[in-house]
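Residue numbers start at 1 and run along the sequence shown. Nothing here was measured: the structure is a model prediction, and the numbers come from that model.
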Amino acid sequence: MTALDEAVRPGSTVAVGDGAGAPTELLAPLSAAALAAGDVRLVLGFATVAHDGLDFGAFGDTVALLGGYANRPPIDAGQARYLPARLGTWPALLRDVLKPDLLLASVVQYDDGYRFASESGWMWSVIEAGASVVAIELDGPRCVAGPPLPADRLAVIDKVARGPKRLAWTPPTDTHRRIAEHVARVIPDDARLQFAPGALGSAVIDAVTKPVMIDTGILTEAVVALDERGLLAATPMSGYAVGSDAIFDWIDGRLILERAEVTHGAGRLREAPPLVAVNTALEIDLDGQVNVEAFSGSAVAGIGGQPDYMAAA
């Protein structure tokens, strides 16, 4: 019996680490362990990597905290239910309601122990709620701030010769760049800037002409070009790094990524300097209501951290 088989028990709740560092090698063994144990609940977060090897039929219930990306197919197929909650509430939701017994994650070794790979997000809240961690070790990057994971609650069962999975964001079009030029003109001096990942967010960063601080949920390679232009005013604040080799090469050795209670904390976000939040939507009506979740019955995206940043801004 493996450490994973021993950790997955009848009626337990298992959370799977998310972002580019998702522990994909553990998905098939988890499915087998869950099927053997019975009545296991699965919790998924911001899943940018396909759930290859995951058998949704092995679980009694699957909850996705975010739609879109890799969670879109199982939600659309009725294999997972989307639980709409802004990212700033995820730590409390996990600690007080969902209460995972086990966290599967990817970790990287530092001089003083292990930390998560290319994300921090909500995972520390699961550990503090009492969950144990079964993990695989990746080659890097080393970019997560805060203390190392508690050694007495961590079982590293394999080391794999890879880093986080790469993701190619949609490049900006001429239309995105024209919009971005308008946005850039209204960004005040000495601002903190939050930007959504993808074409428009990248175009806005490219259009910036004055130094800005980056305070955002997902850090992409757009920040690398900003730094190369001498317009990155301070060390960025973020919970995830997702994108191409450029972002992972740049962030390695910079302890930037913080937990969700820090990145999405309302009190910190409201502090000076002023925060400018630049986000995208699927639909906006004439009353200003914003749809960022579904279109034509499909779970295109999710609430995520957008309302946290918009309210603070």
I need the full list of salt bridge (charged side-chain N to carboxylate O under 4.0 Å, His left out) pairs touching [range], with sequence neighbours left out, sorted by first then second residue.
range: residues 221-245; result: R166-D245
range: residues 299-313; result: R86-D308
range: residues 123-148; result: E128-R259, E137-K159

Could you list the cluster mates of [X]? Members are the ILVMFWY residues connected by side-chain heavy atoms closer than 4.5 Å, either directly or through other members.
X: L275; answer: L269, Y309
X: M237; answer: V262
X: V290; answer: I284, V292

For [X], enumerate each residue passing the side chain to side chain contact (heavy atoms under 4.5 Å, CB included) test, keeping only those at least two apart in sequence or located in another chain.
X: A260; answer: L87, P91, T263
X: S238; answer: T216, L219, L257
X: A311; answer: none

- request: Just jot down the ring pair (Phe, Tyr, Trp, His ring centres under 6.0 Å) partners of F248, sequence neighbours excluded, or say none.
  value: none
Please tabulate, for the side chains in residues 102-110, all donor-acceptor contacts under 3.5 angstrom to protein atoms that are two or more places apart in sequence or on a different chain.
from : atom 1 : to   : atom 2 : distance (Å)
S106 : OG     : G21  : O      : 2.5
Y110 : OH     : C143 : N      : 2.8
Y110 : OH     : V144 : N      : 3.1

query: Does E181 have any side chain to side chain donor-acceptor pair (under 3.5 Å) partners at least two apart in sequence or in another chain, and if so, which?
result: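 Listed in chain order: nothing, the list is empty.
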